[in-house]
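Basis for what follows: all heavy atoms, side chains included, without hydrogens, waters or symmetry-related copies.
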Amino acid sequence: MDGSLTIKPENPWEVIISIKWLLRTQNSWHLFRTLRGVKVANCFGPQSHALNAMSMNKQGCPICGYTEITVLDEFNCTTFEICECCGSESGVEYDQHSTQEHLAKVRSEWVNATNCAWWGEQESIPNNWNPKKQMEVAGIEIPQ
């Protein structure tokens, strides 16, 4: 036993409610001591019919294949980082339990609605950037 606590909530809101209660009733040092070493397991419900977190890469956007984003942390939970390329946010548009069908739907919306337009600052576009080549290199099927 490493001295850490694992929380396995039935509902992800239980964790949020618990943290809000700690924030309201305890001082910040007590909150830090309480949360230090806490791991939240299975925080987004059952994995049936969904991607296993181990099958989703921690690096690289599963929507567009942009490699300069970390989508899962060391506990396989979403990072809430926003992809500069397509604008999809880890934990909002998709998470570690998203199905391939859901990822394809979000990808199709980006491709069809914006014609693969760069979402971030124009000066951050990589040299010779090609969104379709980027998806191809990442092994992502390009929507028609």
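Legend: residues meeting side chain to side chain contact (heavy atoms under 4.5 Å, CB included) with Asn112, ordered by chain and number and at least two apart, are Ser108. For Tyr66, the ring pair (Phe, Tyr, Trp, His ring centres under 6.0 Å) partners two or more places apart in sequence, or in a different chain, are Trp118.
The shortest side-chain heavy-atom distance between Ile69 and Val71 falls under the 4.5 Å cut-off. Side-chain contact between Cys64 and Pro131: absent, with no pair of heavy atoms (C-beta onward) separated by less than 4.5 Å. Two residues are said to be in side-chain contact when any heavy atoms from C-beta on lie closer than 4.5 Å; Ile63 and Leu103 meet this criterion. Side-chain contact between Gln96 and Cys77 is present, with heavy atoms from C-beta onward closer than 4.5 Å. Within the 4.5 Å cutoff, side-chain heavy atoms of Val106 are placed close to those of Ser88. Side-chain atoms of Glu81 and Thr70, non-hydrogen and from C-beta on, do get closer than 4.5 Å to each other. Two residues are said to be in side-chain contact when any heavy atoms from C-beta on lie closer than 4.5 Å; Met135 and Val111 meet this criterion. At least one side-chain heavy atom of Val92 sits less than 4.5 Å from a side-chain heavy atom of Phe80.
The shortest non-hydrogen separation linking Trp129 to Cys85 is CZ2-SG, 3.4 Å.
In this structure, Trp119 shares a hydrophobic cluster with Ile82, the cluster being traced through Ile, Leu, Val, Met, Phe, Trp and Tyr side chains under 4.5 angstrom apart.
Both Trp110 and Ile140 belong to a common hydrophobic cluster when Ile, Leu, Val, Met, Phe, Trp and Tyr are linked at side-chain heavy-atom distances under 4.5 angstrom.
A distance of 8.0 Å separates SG of Cys61 from CD of Gln134, quoted to the nearest 0.5 Å. Note: Asn130 CG to Lys132 NZ = 8.5 Å, rounded to the nearest 0.5 Å. A distance of 7.5 Å separates NZ in Lys58 from CD in Glu74, rounded to the nearest 0.5 Å. Note that the NE2 atom of His97 and the NE2 atom of His102 stand 13.0 Å from one another [nearest 0.5 Å]. A distance of 10.0 Å separates CD in Glu93 from OG in Ser98, rounded to the nearest 0.5 Å.
Between Lys105 and Glu109 a salt bridge is recorded (basic side-chain N to carboxylate O distance below 4.0 Å).
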